[in-house]
Amino acid sequence: MAGTVTQTHPAETARVPKKGDSNSRETLDANIIIANAPDPVFVSDLEGRILQANEAVSELLGFRPDELLEQSLSRFISPEETREFMDALDEVVERGVTRNARLNSRSASGEVIPTSLNASALRGPDGKVIGAIGILRDMRELDEARRYAESLIKNAPDPVFVSDLEGKILQANDAVSELLGFREDELVEQSLSRFISAEETREFTAALREVVERGVTRNAMLHPRSASGEVIPTSLNASALRDAEGRVIGAIGILRDMRELDKARAYAESLIKNAPDPVFVSDLEGRILQANDAVSQLLGFRPDELLEQSLSRFISPEETREFTAALREVVARGVTRNARLNPRSASGEIIPTTLNASALRDLDGKVIGAIGILRDMRAYERVVRDLRASQGELQEKILDLEKFEEVVVGRELKMIALEKEVESLRHQNERMKAERNQA
């Protein structure tokens, strides 16, 4: 809001009018701008005597306009701040403007109100500076927010520090002291370069530039040296520290102690390296970041022939699409199971495998790649082929048995029929003998 008034250049429009031109439009415009400005605006001479003050000044301090006009500003501020205000007036005379001078005016109720003063030159007809036009900004809410932010920083469980744009530490909480082993007074006003290497100082400076440009930087790696001499791996997340005008003046940095995570990462890498199954790590584009010896044994490539290579080098375009789909499933669900891959080995052999993959995540829990476990399916497929061959042989034997059974059963049926026919003939023969004996 103060910026709105500044953009109208009241210092230019509020010049003392030329002789005989006291009712000029120029003077009228200046008075209208000052009177209707939403921010507290006043005009003073070079001795600090208030010549004009708008209603916003009265609302801020609780004094009527007639209690303000012709009064010295020293009536409302301390002797020390009066000297600072006179220094600000000297800066206005020399440079035409002063910015963010601090004043703590005492209101009619006795409350001390923190304010920020931006002042520009009030000039006479000859262009000479004869006073100042001051714009006050009520800093109570900002100071309260600053105190709240300082409380959050002080009581944050993570190590948090505030630095200027040169990397000088302005504030550090107890967690920073616990992490590095230095007392607060050994940290504050020190350059961060005291605790990190020259190379990392350059990286931190680059991170500060990113904070200025983008307002934030993520996961910059720092290895500060503690009071005991231990080098501590940390990850830095930094956000912009802004002044009252929204300009970036520093950074608020949050450190994360990476020692436990580095141990976990080393353990995970050891598990991958020594796993009996072929295990590899890839990014979300399918580029191989790590592969254990079992992968080299499976495919016949040396580790240096695998690392930084796209998996598409070893599988067909169709399977590359399937692997990309598997990666999407990993991102969406955290895992994929039994995807089929048939990589080509160094000897040109196509090796049937199944892929089980799980998510590789960064410090923020975001999926950044996949950990893939391959299973060599050659033995399995040989067993399947043998089973299928055995099944074919068995089916042929069953058919042979069925044919044999048909032959044997047919013979048995014929023998039974012949036996019945013989028995019938025997009965007929006996009957004929009996009939002859009776005759």
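Side chains included, hydrogens not; waters and symmetry mates left out as well; all remaining heavy atoms used. Because the structure is predicted, anything quoted here is derived from the model rather than measured.
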Next item on the list: Evaluate side-chain contact (heavy atoms from CB on, under 4.5 Å) for E94 paired with E91, printing each intermediate quantity in order.
Entry: CA-CA 5 Å; E94 292 174 9; E91 186 177 13; 5.6 Å; no
Please indicate whether [X] has more than 12 foreign heavy atoms, meaning atoms of other residues, nucleotides or ligands, lying under 6.0 Å from its [atom1].
X: R333; atom1: CZ; value: no
X: E55; atom1: CD; value: no
X: R375; atom1: CZ; value: no
X: R313; atom1: CZ; value: yes
X: R378; atom1: CZ; value: yes

Hey, are the side chains of [X] and [Y] touching, using non-hydrogen atoms and a 4.5 Å cut-off?
X: R340; Y: P352; result: yes
X: R259; Y: L179; result: yes
X: I196; Y: H223; result: no
X: R102; Y: P114; result: yes
X: L192; Y: I169; result: yes
X: V57; Y: N54; result: yes
X: F280; Y: L306; result: no
X: T354; Y: Y380; result: no

Nearest 0.5 angstrom please: [X] [atom1] to [Y] [atom2], how far?
X: L341; Y: L374; atom1: CG; atom2: CG; answer: 6.5 Å
X: S235; Y: L222; atom1: OG; atom2: CG; answer: 8.5 Å
X: T353; Y: E381; atom1: OG1; atom2: CD; answer: 9.5 Å
X: L180; Y: R225; atom1: CG; atom2: CZ; answer: 12.0 Å
X: L103; Y: E84; atom1: CG; atom2: CD; answer: 8.0 Å
X: F85; Y: D90; atom1: CZ; atom2: CG; answer: 10.5 Å

How far apart are the closest heavy atoms of [X] and [Y], and which atoms are they?
X: L69; Y: Q52; value: CD2-CA, 3.5 Å
X: G300; Y: A346; value: O-CB, 3.4 Å
X: F301; Y: R344; value: CE1-O, 3.7 Å
X: L122; Y: S44; value: CD2-O, 4.5 Å
X: L236; Y: G253; value: CD1-CA, 3.7 Å
X: Q190; Y: F195; value: CB-CE1, 4.1 Å

Is there a donor-acceptor pair closer than 3.5 Å between any side-chain N or O of [X] and the backbone N or O of [Y]?
X: N118; Y: I135; answer: no
X: D174; Y: S177; answer: no
X: N292; Y: V279; answer: yes
X: T115; Y: N104; answer: no
X: E319; Y: N342; answer: yes

Check: Mind checking what makes side-chain contact (heavy atoms from CB on, under 4.5 Å) contact with S345, not counting sequence neighbours?
Finding: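 With sequence neighbours excluded, S345 shows a side-chain contact (heavy atoms from CB on, under 4.5 Å) to S347, E349, I351, given in chain and number order.
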Item checked: I50/V43 under side-chain contact (heavy atoms from CB on, under 4.5 Å): CA gap, chis, key distance, verdict -> CA-CA 6 Å; I50 299 171; V43 178; over 6 Å; no
Next item on the list: Using a strict cut-off of less than 4.0 Å between a Lys/Arg side-chain nitrogen and an Asp/Glu carboxylate oxygen, indicate whether R287 and D283 qualify as a salt bridge.
Entry: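 Looking at D283 together with R287, the answer is yes, because their closest N to O distance falls below 4.0 Å.
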Item checked: D126 bridged to K128 by N-O distance under 4.0 Å ->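 Here D126 does not pair with K128 in a salt bridge, since their nearest N and O are not under 4.0 Å apart.
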Check: Step by step, would you call V212 with L208 a side-chain contact (heavy atoms from CB on, under 4.5 Å)?
Finding: CA-CA 6 Å; V212 172; L208 285 178; 5.6 Å; no
